[in-house]
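Position 1 is the first residue of the sequence, and the numbers go up from there.
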Amino acid sequence: MAEAADFQGTSASPARRWLRRTGALLAGAPLLAGLLQLPGATPADAAGQESPQAASGSVSVAVDSLTPSAPTEGDTVSVTGTVTNNGKQPVTDAHIDLRVGPSLDTRSSIDALAKKSDDVQGPAGEAVGGKYTEKFSKLTPGVAEPFSISVPVDELDLGEDGVYQLAVALSGETAAQPWDQVLGIQRTFLPWQPEEAATKTKTTFLWPLVSDVHMTAETGSNEQQTPVFSNDDLAEEISPGGRLDQMVSLGKGLDVTWVIDPDLLASVDAMTKNYQVRGEDGATTSGRSQEIAKQWLSELQQAVVGKEVVALPFGDPDLASLAHNGTTVTGSLSHLKEATDAVDNTVPTILHVKPSTDFAWPVDGAVDPSIMKVATSAGADKVIARSDSLQDNLSYTPSAARPIGGGTTAVVADARMSTAFQGNLMKASASTLAVQRFLAQSLTLGLQTGKQRSVVVAPQRNPSVNQAQAMAEALGALQGGNWSESQDLSAAAKAKPDPAANRKVPPADAYPPSLSNQELPRAAFEQIARTRDDLDNFKVILTDESRVVTPFGRAMNREMSTSWRGRGVAAVGYRDDVESYLDGLIKGVRLIEKSETKLSGRSATIPVTVQNNLVQGVEHLKLRLTSQNPTRLKIGGNAYEEQPVAVNGGHSQSVKFTTSANANGRAEVEAQLYTEDGQEYGEPVTFEVKVTEVTPTVMLVIGGGVLLLVLAGFRMYTQRKRAAAREAAEDTAGETDDDADNPVGAPQNPEAPGDRLKEESEDSSRADAPQQPSDPAPDTAAERADPSGTGERVDR
C-alpha cells in the first residue's frame, strides 16, 4: 500500500533544545573517538559472564501507563511501569529516565518505530535527566522493580505540533561490562497539540455489539415457546465485568456510532423470560439470568439515547462467504433479505430507537465486486470497506466516503486506526502502547493537509474486555483532545468525497487468502437450502405455522453468521442440530405401520392411521392408498384413492378406504401422505393384503345354514309359547270343578260327563305319544283354543 501520510512539515526546535542537544553531541565526541580505538570485543573468559551483545537489551522495560495521553501546556507527564533484569548477572548503578526523540512526520514512520519499540540499538533521543531520573542500586536477575517518573511537559522541550518519540530507558553496569550503557528501552508516542487545531479531523468510531450464536432452533411446547440456548456463555458476557457488559458501560460515555446485531438483542430479550440451557450431556436446565438480562438491556437503552444506531442484518451474515460460495445455491440470497427485514421486529421494539439499515459490513472491510453486489442486494446502499482493501496511492489520507457507481457508496475505514487494538492487550504495557499509537496516527493524519477530512474507525467485531478498555481510553483522549471532533457514520457517508481518492473496487484475486480460508463452504449453503425446502413443505400443513417458521427462520440466519469464521466444526454441528430438530418435528406427523391384512370377500374397508405427535393440529394433507396390483385388488374402484386428512395435536385418526377384490392372492398396498400441492410428506407405509375370493356355492351353503338356524330358533319360541298357554288352561279347568258344588257358579250348558271323560282320554293319549320337530301339525289346531303342546311345530 502506498504511503498515506507523508506530511512534509517544518518542526524547528527551540533554541534551548538545540543548544542542549548540540552540547550533548560535542561532549560525547571524545568518548566516541576513544571507543573507536578500543580493540574488538572478545568473548567472556569466565563461566557465567555475558558478552556485551548479551548484556545489551538484557533488561525489559514495561510502560504500564502514560498520563495524560495527549498533554497540553501546563500538564505533567507521568509514566509508570516496571523494569526486569532478564540477564544472569545483577545490574548495578542502574537508573531510568525519559528520552524525547525527534517528531515523526509520517504515518509510516510511526509504524516503523512501533515494530522496533524495544530495540536498544536504535536512536533513543535526549534524556531529560536531572531530578527526573529514578535510580536503582541493584537489579537482581528475575526480579521486577516498579518505577514512576513525572515530568512537567515544559521540561520535555517539545517543539511544533506533532507526534514525538518518548522513550523510557534503563541504563546501568554489569560485571562483564562495567560502564554505563542502555540495557533496556521501551519507546512509545507522545502526541503534542497544545492548542485547538484550526481544522479538526471529523472522526467516526464504530462501537460494535456483536456476539457468537447462542440460541438454537428448539423451543418448548408451551404457549410461550420457551427458547433453548446451546450454552450459557451469553449470560457470562452480559454479567457485570463481562465483555458485553463492559462494551455498554464504556460506550455509554463516548461519542460513538453503535453497530448492533439484532440477534444479540433478541437473544438477551429472550433471557429476560423463562429459557432453557442445554448442557454438555444434552439435558436442559432452566436459565437463571433473567435479572442480569433485564439490567443489561436497560443500560443499553440508556446508552443509545441520542446516538446513531446502525443495525446489521439479523445474525450478522457473512457477506463474503455468501458472495463467494452461496450465490450459486438457490435461495441463499433470500436469507439475506429475510435477515434485513427481521431488524424491524427486534431493534425498535427492544431498544425503542429506529436504526439505520443502510450499511453493510463485510469481514475486516475486505471487498471485491461480488461482495459489493451481495452486500447491496438486500437494500443497503453503503458498504463499510477498509483502506487496506480499497487502497489509495496518495501522500495523504483522503476522506472515508467515495461513490463507486450504481448508487453505492464505499465508506472506507482507516486500516491503521481500525487495527490498533487487535492482539493480546491483557498486559497494561501492551494496552498503553496501543492507545498511544492510535492517538499518534490520528494526529499525524490531521496534520497532513490543511483541509478537513472525515475518518472512520471500524475495529474488530468482537473486542475482548482488555481491547474494549483500550479503545475507550484512546477514544476518550481523542475526544478530549484538540485536533479531532466526533461525527456519526451517516454524516461521514454523506461527506464530500475526495476527487483523487480511489473509487475502483479491487478484483476478486486481491481478496486476502487468510480471510478466504475461513469462509463458509458451499456445502453449508446447500445444507441451509435443504432445511429451507423441508420447512416450506412442513409449514403448509400446520394450523399455526408461525410457531415453527419464526424460530427456524432465525436459526437459518444464524447458520450464515460471521461468527462461525475459524469455527468450522462448531458451524457444522449447529447446522446439523437445526436440520435434525426439524426432521424430528416433520416425523411427528406420520403413518402408523401396518401388518399383513386379510381380505375375505369381494369388498371390504382397509383403515390407515395417521398419528400427530405435534402440539398443534395439522391440515391440508391428503392420504393416498395405492394398490400395486390393481387387477387383483382395487381401491375405490381404481388403482388408488385419496382422502383429506386433518388431525388435532397429540391425536391419531384412522382413514378408511373401500376395496374390491377380483382374484385370490397377495396384493401390495402403499399408503403415502401428500401436501395439497402434491408434494410427498414423510415416508410411505407399505403392507400386503391377502385376498380370498368366495364362490356362489359356498355362499349358498352358508346361507342355508343360517336359514336353518333361524327356523330352529322360531320353533323353539312357538313351543315355549304353547306350553305356557296349556298351563294356563289347566289352571282354569281346576277352578271350574271347585265351583260345581256351588249352584251359583255352575255353567249354563254343561257338557255331558261322558263326553268330558272321552275328550280327556284322547288328550291323555296324545300327550303320552312322542313328538318330533318334523311331525305334521293337526288339522284342527287352528280351531283349538288351548295352546299347543311343547315341542310342536306350528305353521302360522
#### Entry: Where D316 and D261 come nearest, the two heavy atoms and their spacing
N-OD1, 3.5 Å
### Message
Minimum heavy-atom separation for Q89 and T174, please, with both atom names.
### Response
OE1-CB, 3.9 Å
## Note on the structure
Closest non-hydrogen atoms of S418 and A458, given as atom of the first, atom of the second and distance, are OG-N, 2.9 Å
### Query
Do you see a donor-acceptor pair shorter than 3.5 Å between the side chains of S103 and E160?
no
### Whether D392 side chain and L394 backbone form a donor-acceptor pair below 3.5 Å
no
### Message
I need the D212 CG to S561 OG distance, nearest 0.5 Å.
### Response
7.5 Å
### Task
Kindly say whether T397 contributes a backbone atom to a donor-acceptor pair with the side chain of R453 at under 3.5 angstrom?
yes
### Query
Looking just at side-chain N and O atoms, do Q295 and E299 make a donor-acceptor pair shorter than 3.5 Å?
yes
### Task
Run the numbers on S387 and R416 for side chain to side chain contact (heavy atoms under 4.5 Å, CB included), then give the verdict.
CA-CA 9 Å; S387 60; R416 286 185 171 99; over 6 Å; no
### Query
OG/S356 to CG/L489 distance, rounded to the nearest 0.5 angstrom?
7.5 Å
### Message
Can you confirm whether the side chains of R567 and Q518 place a donor and an acceptor under 3.5 Å from each other?
### Response
no
### Closest heavy-atom pair and its distance - P68, D75
CG-OD2, 3.8 Å
### Query
Checking S239 side chain against G242 main chain: does a donor-acceptor pair fall under 3.5 Å?
no
### Min side-chain heavy-atom separation T82-D64 under 4.5 Å
yes
### Task
Please work out which of the three classes, parallel, tilted or perpendicular, describes the rings of W207 and W258, given edges at 30° and 60°.
perpendicular
### Message
Please check: side-chain N/O of E473 versus main-chain N/O of A470, any donor-acceptor pairing under 3.5 Å?
### Response
no
### Message
Is it the case that the side chains of T203 and T201 hold a donor-acceptor pair, with the cut-off being a distance below 3.5 Å and no angle test?
### Response
no
### Query
Roughly how far, to the nearest 0.5 Å, is CG of L445 from CD1 of I110?
9.5 Å
### Any donor-acceptor N/O pair, T444 side chain to Q441 backbone, under 3.5 Å
no
### Query
Between S117 and Q186, do the side chains contain an N or O donor and an N or O acceptor separated by less than 3.5 Å?
yes
### Message
Go through it in stages, so that I can follow the logic: the residues are V363 and L515, the test is side chain to side chain contact (heavy atoms under 4.5 Å, CB included), and I'd like the CA-CA distance, side-chain angles, deciding distance and then a yes or no.
### Response
CA-CA 8 Å; V363 174; L515 295 179; 4.2 Å; yes
### Task
Using a 4.5 Å cut-off on heavy atoms from C-beta on, say whether the side chain of V168 contacts that of L98.
yes
### Task
Could you tell me whether R437 and D111 make a salt bridge, using a distance below 4.0 angstrom between a side-chain N and a carboxylate O?
yes
### Query
So, Q460 and Q467: side-chain donor and acceptor under 3.5 Å apart, yes or no?
yes
### Query
Distance-only, no hydrogens or angles: does the Q436 side chain make a donor-acceptor pair with backbone N or O of F189 under 3.5 Å?
yes
### Query
Hey, are the side chains of P152 and Y132 touching, using non-hydrogen atoms and a 4.5 Å cut-off?
yes
### Message
Regarding E237 and S211, do their side chains bring together a donor and an acceptor under 3.5 Å, going by distance alone?
### Response
yes
### Message
Do V83 and L139 make a side-chain contact, defined as non-hydrogen atoms from C-beta onward lying under 4.5 Å apart?
### Response
yes
### Task
State, without any angle test, whether Q479 and S484 hold a side-chain donor-acceptor pair at a distance under 3.5 Å.
no
### Message
Set out, in order, the CA-CA distance, both residues' side-chain angles and the distance that settles side chain to side chain contact (heavy atoms under 4.5 Å, CB included) for W483 and E196, then state yes or no.
### Response
CA-CA 6 Å; W483 68 87; E196 293 283 339; over 6 Å; no
### Message
Does V163 form a side chain to side chain contact (heavy atoms under 4.5 Å, CB included) with L190? I'd like the steps, not just the answer.
### Response
CA-CA 6 Å; V163 175; L190 191 66; over 6 Å; no
### Query
So which of D161, T72, N482 actually passes side-chain hydrogen bond (donor to acceptor under 3.5 Å, both in side chains) with Q193?
D161
### Task
Go through the side-chain N and O atoms of D180 and H95 and say whether any donor and acceptor fall under 3.5 Å apart.
yes
### Query
Between W192 (side chain) and G159 (backbone), is there a donor-acceptor pair under 3.5 Å?
yes
### Task
Could you tell me whether the side chains of S65 and T80 share a donor-acceptor contact shorter than 3.5 Å?
yes
### Short side-chain to backbone donor-acceptor contact, T449 and K451, under 3.5 Å
yes
## Note on the structure
On a heavy-atom basis, the closest approach of L104 and L113 is CD1-CD2, 3.7 Å
### Query
Between R99 and D97, is there a salt bridge with N-O shorter than 4.0 Å?
yes
### Query
Side chains of S389 and P506: closer than 4.5 Å at any heavy-atom pair?
yes
### Message
Do L158 and Y164 make a side-chain contact, defined as non-hydrogen atoms from C-beta onward lying under 4.5 Å apart?
### Response
yes
### Query
Is it the case that E308 and S490 place a side-chain donor and acceptor less than 3.5 Å from each other?
yes
#### Entry: Donor + acceptor pair across side chains of T432, S429 (<3.5 Å)
no
## Note on the structure
Nearest heavy-atom contact between D488 and T204 is O-OG1, 3.4 Å
### Query
So, do R402 and D498 sit near enough that their side-chain heavy atoms are less than 4.5 Å apart?
no
#### Entry: Spacing of OG belonging to S454 relative to CG belonging to D414, to within rounding of 0.5 Å
12.5 Å
### Task
Decide, yes or no, whether a salt bridge links R565 with D318 under the criterion of side-chain N to carboxylate O below 4.0 Å.
yes
### Message
Below 30° counts as parallel, above 60° as perpendicular, anything between as tilted: where do the rings of F438 and F205 land?
### Response
perpendicular
### Summary
Value for CD (E134) from CD (E145), rounded to nearest 0.5 Å, stands at 9.5 Å
### Point-to-point distance, once rounded to the nearest 0.5 Å, from OG of S486 to CG of L254
8.5 Å
### Query
V100 versus D157: any side-chain heavy-atom pair under 4.5 Å?
no
